[in-house]
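Below is one structure, written out as structure tokens; the observations come after it.
Just so it is clear: chains get the letters A, B, ... in the order the sequence lines come, proteins before strands, and each one is counted from 1.
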There are 2 protein chains.
Amino acid sequence: MIKQTQTTEESIKVFKALADPIRLEIVKYLSQLDHEVSCGEISQAMQISKTSGSYHFKILQEAGLISVRKVAREKYVILDRSTFDRHLTHFWQNL
Amino acid sequence: MIKQTQTTEESIKVFKALADPIRLEIVKYLSQLDHEVSCGEISQAMQISKTSGSYHFKILQEAGLISVRKVAREKYVILDRSTFDRHLTHFWQNL
DNA sequence: TATATAGTTCAAAAATATTTGAACTATATA
DNA sequence: TATATAGTTCAAATATTTTTGAACTATATA
């Protein structure tokens with residue numbers, strides 16, 4: 001049993017990040033693939049501009065919902081499920 | 001095992017509703033008491049005006065996170081835990 | 001070297017969300 | 001009946017979020 005701490009601020013960031021249709025679709029897409037995917041591939045799949053993609057990835061990353069690996073020109077993202085667990089799955093425990 | 005359906009729109013409403021410090025505090029307060037509480041009592045505990053309270057309760061209600069019972073002049077609210085379960089606790093199952 | 005590709009940054013515009021106070025409805029009580 | 005209480009509604013002001021395109025950095029490739 002692991003003791004969790006999280007500030008209200010962190011939770012707000014997570015809920016804000018999930019409170020947008022594009023970002024929720026990105027999460028759904030990543031959860032189905034369940035491996036690293038490049039930002040370009042995701043932007044294409046979501047039909048959004050790269051500028052818009054860049055904005056939304058930043059918000060997801062700052063909420064801790066995705067983690068990011070830079071490989072040369074490209075950026076690969078993957079879900080960080082521990083953050084979902086902490087804030088969603090174990091919502092009542094950590095409130 | 002119960003089959004769940006939920007639209008993206010519903011999920012967005014829930015996450016938006018939780019993406020605000022006042023509303024998250026209201027949820028925390030209600031979860032600790034775990035029984036019906038009047039809007040007035042909550043507004044007082046949160047130190048917000050009744051107008052602001054009214055606004056936030058509406059958003060929580062429209063997201064399905066609280067249910068409401070009107071008794072004469074007063075309005076009593078209580079958490080609807082099934083909505084939290086559907087959208088948070090069982091996030092991955094229902095995505 | 002020249003050109004293409006992946007992604008970022010910036011500022012302006014547009015869209016949404018929140019706060020505020022005044023006026024309101026409905027019910028309770030002196 | 002007069003007054004107080006609980007909560008709603010409205011519109012204006014403010015704050016925050018999202019979109020957009022142009023200019024940019026860094027890397028790859030012809």
Side-chain angles (χ1 to χ4, degrees), chain A residues 7-30 33 35-79, chain B residues 7-30 33 35-79:
Chain A
T7 63
T8 295
E9 238 177 300
E10 282 170 347
S11 300
I12 297 292
K13 264 198 186 174
V14 166
F15 291 126
K16 271 193 202 299
L18 294 172
D20 175 273
I22 291 177
R23 292 192 295 266
L24 205 52
E25 280 306 305
I26 292 174
V27 167
K28 192 179 284 194
Y29 185 78
L30 286 172
L33 296 182
H35 58 66
E36 282 191 332
V37 188
S38 76
C39 291
E41 175 184 334
I42 301 169
S43 295
Q44 210 164 353
M46 303 299 128
Q47 313 224 62
I48 57 177
S49 68
K50 56 192 185 164
T51 309
S52 172
S54 196
Y55 171 70
H56 288 296
F57 292 128
K58 196 175 81 182
I59 284 174
L60 289 168
Q61 188 184 359
E62 286 176 349
L65 293 171
I66 59 176
S67 63
V68 163
R69 193 167 65 101
K70 188 110 203 236
V71 176
R73 286 190 300 193
E74 291 174 291
K75 209 172 106 176
Y76 291 92
V77 311
I78 188 171
L79 292 184
Chain B
T7 62
T8 295
E9 240 178 297
E10 284 169 346
S11 300
I12 297 293
K13 265 197 184 174
V14 166
F15 291 125
K16 271 193 201 298
L18 294 171
D20 174 274
I22 291 177
R23 294 193 293 268
L24 205 52
E25 281 306 304
I26 292 174
V27 167
K28 194 180 281 195
Y29 185 79
L30 287 171
L33 297 182
H35 58 67
E36 281 191 334
V37 187
S38 76
C39 290
E41 174 183 334
I42 301 169
S43 294
Q44 211 164 352
M46 303 297 127
Q47 312 224 64
I48 57 176
S49 70
K50 55 192 186 164
T51 308
S52 171
S54 197
Y55 171 71
H56 289 296
F57 292 127
K58 197 174 83 183
I59 285 175
L60 288 168
Q61 187 184 359
E62 286 178 348
L65 293 171
I66 58 177
S67 63
V68 164
R69 194 167 64 100
K70 188 112 203 235
V71 177
R73 285 191 300 193
E74 292 174 291
K75 209 172 107 175
Y76 291 93
V77 311
I78 188 171
L79 292 184

#### Entry: Distance in angstrom units between A:Lys75 NZ and D:dA28 P, rounded
17 Å
### Message
If the cut-off is 4.0 Å, is A:His56 near the phosphate of D:dT17, judged by side-chain N/O to OP1 or OP2?
### Response
no
### Nearest-nucleotide 5' precedence on DNA chain C, A:Gly53 against A:Lys16
A:Gly53
### Query
In whole Å, what is the span from the CZ atom of B:Phe15 to the C1' atom of C:dT16?
19 Å
### Query
So does B:Arg23 get a side-chain nitrogen or oxygen closer than 4.0 Å to the phosphate oxygens (OP1/OP2) of C:dT18?
yes
### Message
In this structure, how many angstroms lie between the P atom of C:dT16 and the CD atom of B:Glu9, rounded?
### Response
13 Å
### Query
Just how far, in rounded Å, is C1' of C:dT8 from CD of A:Gln61?
12 Å
### Query
Is the shortest heavy-atom distance from the side chain of A:Arg23 to the side chain of A:Tyr55 under 4.5 Å?
yes
### Task
Rounded to the nearest angstrom, tell me the gap between atom NZ in A:Lys50 and atom P in C:dA4.
13 Å
#### Entry: Nucleotide paired to C:dT29 in any strand shown, Watson-Crick or G-U, under 3.5 Å
D:dA2
### Query
Checking side-chain contact (heavy atoms from CB on, under 4.5 Å) against A:Ile42, which of A:Leu33, A:Ile48, A:Val77 comes through?
A:Val77
### Query
Got a donor-acceptor contact below 3.5 angstrom from the A:Glu62 side chain to the A:Ile59 backbone?
no
### Summary
Taken to the nearest whole Å, CD1/B:Ile66 to P/D:dG7 is 12 Å
### Task
Starting at CG of B:Leu24, measure out to NE2 of B:His56 and round the result to the nearest 0.5 Å.
12.0 Å
#### Entry: Complementary nucleotide of D:dT8, counting Watson-Crick and G-U pairs under 3.5 Å
C:dA23
### Query
Given C:dT8, is OP1 or OP2 found less than 4.0 Å from the side-chain N or O atoms of A:Lys58?
no
### Message
What contact category does A:Ile22 fall into here, base, sugar-phosphate, or nothing, at under 4.0 angstrom with non-hydrogen atoms?
### Response
sugar-phosphate
### Query
Of all the nucleotides listed (D:dT9, C:dT8, C:dT27), which has the minimum atom distance to the side chain of B:Arg73?
C:dT27
### Message
Closest-nucleotide mapping onto DNA chain D: is A:Ala72 or A:Tyr55 further toward the 5' terminus? I mean the 5' end.
### Response
A:Tyr55
### Query
Counting side-chain heavy atoms from C-beta on, which of C:dT19, C:dT5, C:dT9 comes nearest to A:Ser54?
C:dT9
### Query
So what does B:Ile59 hit on the nucleic acid, given a heavy-atom distance under 4.0 Å: a base, only sugar-phosphate, or nothing?
sugar-phosphate
### Task
Measure from CD1 on A:Ile48 to P on C:dG7 and round the result to the nearest Å.
11 Å
### Query
Do the side chains of A:Thr7 and A:Glu10 get nearer than 4.5 Å, heavy atoms only?
yes
## Note on the structure
A:Ile12 atom CD1 is separated from D:dA15 atom C1', nearest whole Å, by 16 Å
### Message
Quick check: on DNA chain D, is the nucleotide nearest A:Val71 upstream (toward 5') of the one nearest B:Glu74, or the reverse? Name the residue that is more 5'.
### Response
B:Glu74
### Query
Quick one: is C:dT27 close enough that its OP1 or OP2 comes under 4.0 Å of any side-chain N or O from B:Lys70?
no
### Task
Kindly indicate whether the side chain of A:Glu25, heavy atoms from C-beta on, has any atom under 4.5 Å from the side chain of A:Lys28.
yes
### Task
Measure from the side-chain heavy atoms of B:Asp20 and tell me the nearest of C:dT18, D:dT5, D:dT18.
C:dT18
### Nucleotide opposite C:dA14 in a Watson-Crick or G-U pair, distances under 3.5 Å
D:dT17
